[in-house]
J.: 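There's a structure below that I have some questions on.
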There are 2 protein chains.
Amino acid sequence: MTTVADPPQPRRALRSTAKVLPEHARASNRSMVLQLLFHAGPRSRAELARATGLTRVTISDLVASLLAQGLVTELGQQADGKVGKPGTLVGLDAEAFQIVAVDLADDERVHGAVLDLSGAVRERRTAPVGGCTGAAAVEVLLGLCRELVAATTRPVLGVGVGSPGVIDLSGRVLQAPNRGWYDLPLAEQLSAALELPVHVANDADTAALGEFTWGGASGNGLLVLTVGGGVGAGIVLDGALVQGNEHAAGELGHVTALDERDEHDRAPLGRPELCACGRRGCLETVLSVPAMRRRVAGLDAAGRDAALASVGRRLGIVLAPVVSALNLSEVVLCGPEELLGGPLRDAALATLRERTIPVVSSHVQLRMTSLGEHGALSGAAVLVLSGQLGVT
Amino acid sequence: MTTVADPPQPRRALRSTAKVLPEHARASNRSMVLQLLFHAGPRSRAELARATGLTRVTISDLVASLLAQGLVTELGQQADGKVGKPGTLVGLDAEAFQIVAVDLADDERVHGAVLDLSGAVRERRTAPVGGCTGAAAVEVLLGLCRELVAATTRPVLGVGVGSPGVIDLSGRVLQAPNRGWYDLPLAEQLSAALELPVHVANDADTAALGEFTWGGASGNGLLVLTVGGGVGAGIVLDGALVQGNEHAAGELGHVTALDERDEHDRAPLGRPELCACGRRGCLETVLSVPAMRRRVAGLDAAGRDAALASVGRRLGIVLAPVVSALNLSEVVLCGPEELLGGPLRDAALATLRERTIPVVSSHVQLRMTSLGEHGALSGAAVLVLSGQLGVT
DNA sequence: AGCTGTTTGTAAGGACGGTTGCCTAACAAA
DNA sequence: TTTGTTAGGCAACCGTCCTTACAAACAGCT
């Protein structure tokens, strides 16, 4: 009959939406129960019902399916002297599955571990990279994964990998210059070879996940800065990693931190140095471990402290806009404690507070990681927990 | 029987999770259909089914309920010469409801409008603030809202308000010094008085929403900077506003942008000025409209351009870490075109590119808003569209 | 001991949402 | 006219959660 007017022009790409089925609701509720048991410890079914808002009937059903899968176990009666029938405690069984986690941040050796569901490391292995790149580097990684899988004593929930470079949500490495990987579907390849679920993410992102889950993060909004050969950052907002437009969020290492014309701290830091990226004064040229070691070499304690404080001030200047814009609750440093933990941290925090409004700065914390060396490994494990069980 | 070991200590506050019911799946799918019709224009049921992944049966059912509510209408047959039965086009009815939107960013007058579902302004009203604060300011706002509601010619979908200050997700104003509001449940009060759904958010956030929905945003990651009496920012990541730990995300106005010891641009900008917050050199002391007008007053064209370029460079320095950390695709400036649009924008973009790695800076855009004066009003309308229909 | 009230966990039945399978209507191409 | 394709509707089924009802286990009281 009536023909139709021209459709209005599409205004922008649609936000990724997906159909929702009742079974997704089920999965979400199942994850909520697991999340609760994971973080808050064993509970009775009735308590789970109250905490989730679901009915006891539904919780019973969910718990029954989790029991059938072996993910949770009944732990006996609640022994507190309240009125009424005592509940049966149900708890996550940390021994039910094991997780294989691998960290590729180190250029010399690939570090891996087997963890249980509580995040405890059960087994540790490393493999030398030996300068391998491209497909050969994938083989080294795959070999370590096989070795770790062989070392597990329980069914494997999945494999988590933290790698430098730009990595999309599907675990495809868009670019990782250190390994010579470009547009490589790493998760897919590993998954096919190992016949296991594999999750791959940027190493700073996995470090952020680990800190978020196990580092005692307090509020909402966490930035984790990994300081090693380079500088990277992972950001968790509202419980999720920030991806960025090109999956390159967290590229803080190459923000200019030292300006040709700044008088600020000129004496201790000298003129802006040339960076590997071809520009001058990048944060990496002052904050990376090699740069700092070079700067403090041969200095006495006072000189060393002054130099590190200068670096900390530059870091504070770079962090101030980020912390303000996102109203972060926590900034966490990962790297050598002896370089980052002292005057550097203190100066960075002081500078950060100086340069931000109190409503923001009074709540923000700046501290060393509480996970020690293997934060990235724990984070890679969280990647699997999150991907397979919905637990974060 | 067996008593139980101590539960593991809770490690952190749980991420906000909520139970999911099948009816939520229904609401989500309904929103997805509306979203599609909103952004991509009229479609047949079969096309909707293909686009959403749902079956034709389910789509028919959803469309039937939307037809019953008057939100969509059938627009006749598809007239293209393909094989098979031609489909019946179904389109969002922009006339079905109207939206009342109010912007409180201006200290002198409250601006309001009636919009249809396509975002077109149908009616415009303002009310003088007259220095009112506290409850009196609420009364002024309420009066304007009543006037606008009376001016509507269709059922009202809801009321959206953009206000300066820190505002939580429920529309409670935690603090808005300009209006003398502290811990005020504004959305709740307005909703009770008007007997309509009311959504309240920070004005920079609503501006960001408006730009995101109607400004032709390209990629993922948008920061909108509102420049007026002060400076504010709203950030949209992954299709959602960034809230921040204390709902204070976007507080960029009081980041130090001009340092006592910086030589950088000293000549055009002078020594760091005292800011209303009590500190020196905040971004607001160089980028706010009054500050800029004062700086360019009495200068010739060249001097004016140089001064604005200096301001742009300071802005670029502040933005660089944020753009890098979040890998933003777009930074949008809202405010007086004659101040922001020319040398300031150019210098800010150039500085931003100088200070960030190409992988980040090559994709980022920095431009004036395409929504003109009433971006915040459009954004307040999006608040309602999003809250009531799930359309963004 | 026996009763009462409270709390836990399960069972049965109903409501809702989505799917599959099958039907008819409408059209183009052979 | 026949064939193949597409749109849209109807019926039957499955999954998920809810409400209601009930048995079991306990504390506190008489």
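Heavy atoms only: backbone and side chains are in, while hydrogens, waters and symmetry mates are out. Chain letters run A, B, ... following the sequence lines, proteins first and then strands; every chain starts at 1. Keep in mind that this is a model prediction, so the values were computed, not measured.
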J.: Among D:dT19, C:dT19, C:dC27, which nucleotide sits nearest the side chain of A:T55?
T.: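 Shortest atom-to-atom distance from the side chain points to D:dT19.
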J.: Taking the basic N atoms (NZ, or NE/NH1/NH2) and the acidic carboxylate oxygens, is any pair closer than 4.0 Å for A:R56 and A:E47?
T.: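 Looking at A:R56 and A:E47, the cut-off is not met.
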J.: Would you say B:Q69 has more than 12 foreign heavy atoms packed within less than 6.0 Å of its CD?
T.: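 Yes, enclosed.
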J.: So, do B:R45 and B:T88 sit near enough that their side-chain heavy atoms are less than 4.5 Å apart?
T.: yes
J.: Taking C-beta and beyond as the side chain, do A:L194 and A:C145 meet within less than 4.5 Å on heavy atoms?
T.: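 A:L194 vs A:C145: side chains touch.
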J.: Determine: side-chain N/O of B:T88 to OP1/OP2 of D:dG8, distance under 4.0 Å, yes or no.
T.: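 For D:dG8, OP1 or OP2 has a side-chain N or O of B:T88 closer than 4.0 Å.
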J.: Can you tell me if the side-chain N/O atoms of A:R50 get under 4.0 Å from OP1 or OP2 in C:dT8?
T.: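 It does, given that an N or O in the side chain of A:R50 lies less than 4.0 Å from OP1 or OP2 of C:dT8.
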J.: B:K85 has an atom NZ; how far is it from atom P of D:dG9, in whole Å?
T.: 7 Å
J.: Tell me the closest heavy-atom pair linking A:H199 and A:V384, and the distance in Å.
T.: CD2-CA, 4.1 Å
J.: Decide whether B:Q98 and B:T153 meet the rule of one side-chain donor and one side-chain acceptor closer than 3.5 Å.
T.: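 Per modelled atom types, B:Q98 and B:T153 side chains form a pair under 3.5 Å.
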J.: Return whichever of B:V57 or A:G84 has its heavy-atom-nearest nucleotide of DNA chain D closer to the 5' end.
T.: B:V57
J.: In whole angstroms, how far is the P atom of D:dT19 from the CG atom of A:L54?
T.: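 Rounding to the nearest Å, CG of A:L54 and P of D:dT19 are 11 Å apart.
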J.: Could you state the CD-C1' distance from A:Q78 to C:dT6, rounded to the nearest angstrom?
T.: 14 Å
J.: Could you check how far CZ of B:R30 sits from P of C:dC16, rounded to whole Å?
T.: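 Answer to the nearest Å: 16 Å.
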J.: Which residues in residues 58-72 of chain B have at least one heavy atom lying under 4.0 Å from any atom of DNA chain D?
T.: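 Close to the strand are B:S60.
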J.: By nearest atom, which of the nucleotides C:dG9, D:dA11, C:dT10 is closest to the A:S44 side chain?
T.: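 For the A:S44 side chain, the nearest candidate turns out to be C:dG9.
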J.: May I ask you to verify if any side-chain N or O of A:R26 is less than 4.0 angstrom from the OP1 or OP2 atom of D:dC17?
T.: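 Checking D:dC17 against A:R26, a side-chain N or O does come within under 4.0 Å of OP1 or OP2.
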J.: Could you check how far NE2 of A:H24 sits from P of C:dT19, rounded to whole Å?
T.: 10 Å
J.: By nearest nucleotide on DNA chain C, pick out whichever of A:V20 and A:R45 is the more 5' one.
T.: A:R45
J.: Whole angstrom is fine here: how far is it from CD in B:Q77 over to P in C:dC27?
T.: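 Result: 7 Å.
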J.: Nearest-Å distance, CZ (A:R56) to P (C:dA11)?
T.: 14 Å
J.: Under a 4.0 Å threshold between the charged nitrogen and the carboxylate oxygen, would A:R30 count as salt-bridged to A:D61?
T.: no
J.: Any salt bridge between B:E95 and B:R122, counting N to O under 4.0 Å?
T.: yes
J.: Can you tell me how far P of C:dT10 sits from CD of A:E74, to the nearest Å?
T.: 8 Å
J.: Taking only the side-chain heavy atoms of A:P86 (C-beta and beyond), determine which of C:dT19, D:dA25, C:dG9 contains the nearest atom.
T.: D:dA25
J.: Within the structure, does a side-chain N or O atom of A:N29 lie under 4.0 Å from either OP1 or OP2 of D:dT16?
T.: no
J.: Among D:dG9, C:dG18, D:dT20, which is the nearest nucleotide to the side chain of A:L21?
T.: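 Closest nucleotide among those given: C:dG18.
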